[in-house]
Amino acid sequence: MRKDGEEGSAQDTQWTLFEVFVQERTGEPHQHAGSVRAPDPEMALQNARDVYARRGPVASLWVVPSGAIAATSPSDAGPFFDPAEDKVYRHPQFYRVPRVTRRKAPK
């Protein structure tokens, strides 16, 4: 067991952070499962297999360096995600509902 300050523990934090995506069955989308640290992608796959593929069915694993992912930050939540008001066609408020669809369904 290593203690803080010993050789190796500082090296562990310098490994690249990889995000792990898991596909449970063929044809399903890959979903983010978590992250692992590793010196290279091959070791990241092995670490991801050990951590995220032990308890359930897994068809495929992806690992992606966290630095390669472009993402928004919580401060972008306001203006970045606001709907474009100049594109009214995106809002379904102008469509008329036909009378046939307004009737109640029989009980």
Side-chain angles (χ1 to χ4, degrees):
M1 178 177 223
R2 287 185 235 158
K3 296 179 181 176
D4 288 338
E6 287 185 358
E7 185 178 346
S9 63
Q11 183 183 9
D12 292 349
T13 60
Q14 294 175 2
W15 285 357
T16 304
L17 181 65
F18 288 88
E19 298 300 324
V20 179
F21 297 87
V22 174
Q23 181 187 43
E24 292 183 357
R25 292 186 194 99
T26 303
E28 291 185 350
H30 284 74
Q31 296 187 348
H32 185 252
S35 55
V36 294
R37 288 194 178 271
D40 55 49
E42 290 80 22
M43 182 66 80
L45 278 172
Q46 291 179 7
N47 291 346
R49 178 202 59 204
D50 292 346
V51 174
Y52 298 105
R54 281 188 161 187
R55 296 202 171 126
V58 173
S60 175
L61 280 175
W62 289 353
V63 292
V64 180
S66 288
I69 296 174
T72 60
S73 66
S75 63
D76 296 332
F80 190 77
F81 294 111
D82 281 347
E85 296 298 330
D86 60 333
K87 298 178 180 177
V88 294
Y89 56 87
R90 291 185 176 175
H91 304 286
Q93 61 195 11
F94 301 108
Y95 296 104
R96 291 181 177 244
V97 178
R99 277 188 177 176
V100 176
T101 57
R102 289 185 187 172
R103 283 191 254 158
K104 290 184 179 180
K107 293 182 183 179

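- Across R37 and W15, no two heavy atoms sit closer than the pair NH1-O, 2.9 Å.
- E28 contributes atom CD, which lies 11.5 Å from atom OG of S60 (distance to the nearest 0.5 angstrom).
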Start with the C-alpha distance between V58 and Y52, add both sets of side-chain angles, then the distance that settles side chain to side chain contact (heavy atoms under 4.5 Å, CB included), and finish with yes or no. CA-CA 9 Å; V58 173; Y52 298 105; over 6 Å; no
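- Counting non-hydrogen atoms of other residues, nucleotides and ligands closer than 6.0 Å to CD of E19 gives a total above 12.
- Residues A48 and L61 approach most closely at C-CD1, 4.0 Å, considering heavy atoms.
- With F18 as the partner, the side-chain contact (heavy atoms from CB on, under 4.5 Å) test is satisfied by one option alone out of L45, V36, N47: V36.
- I69 and W62 fall within a single hydrophobic cluster, where Ile, Leu, Val, Met, Phe, Trp and Tyr side chains are chained together by heavy-atom contacts under 4.5 Å.
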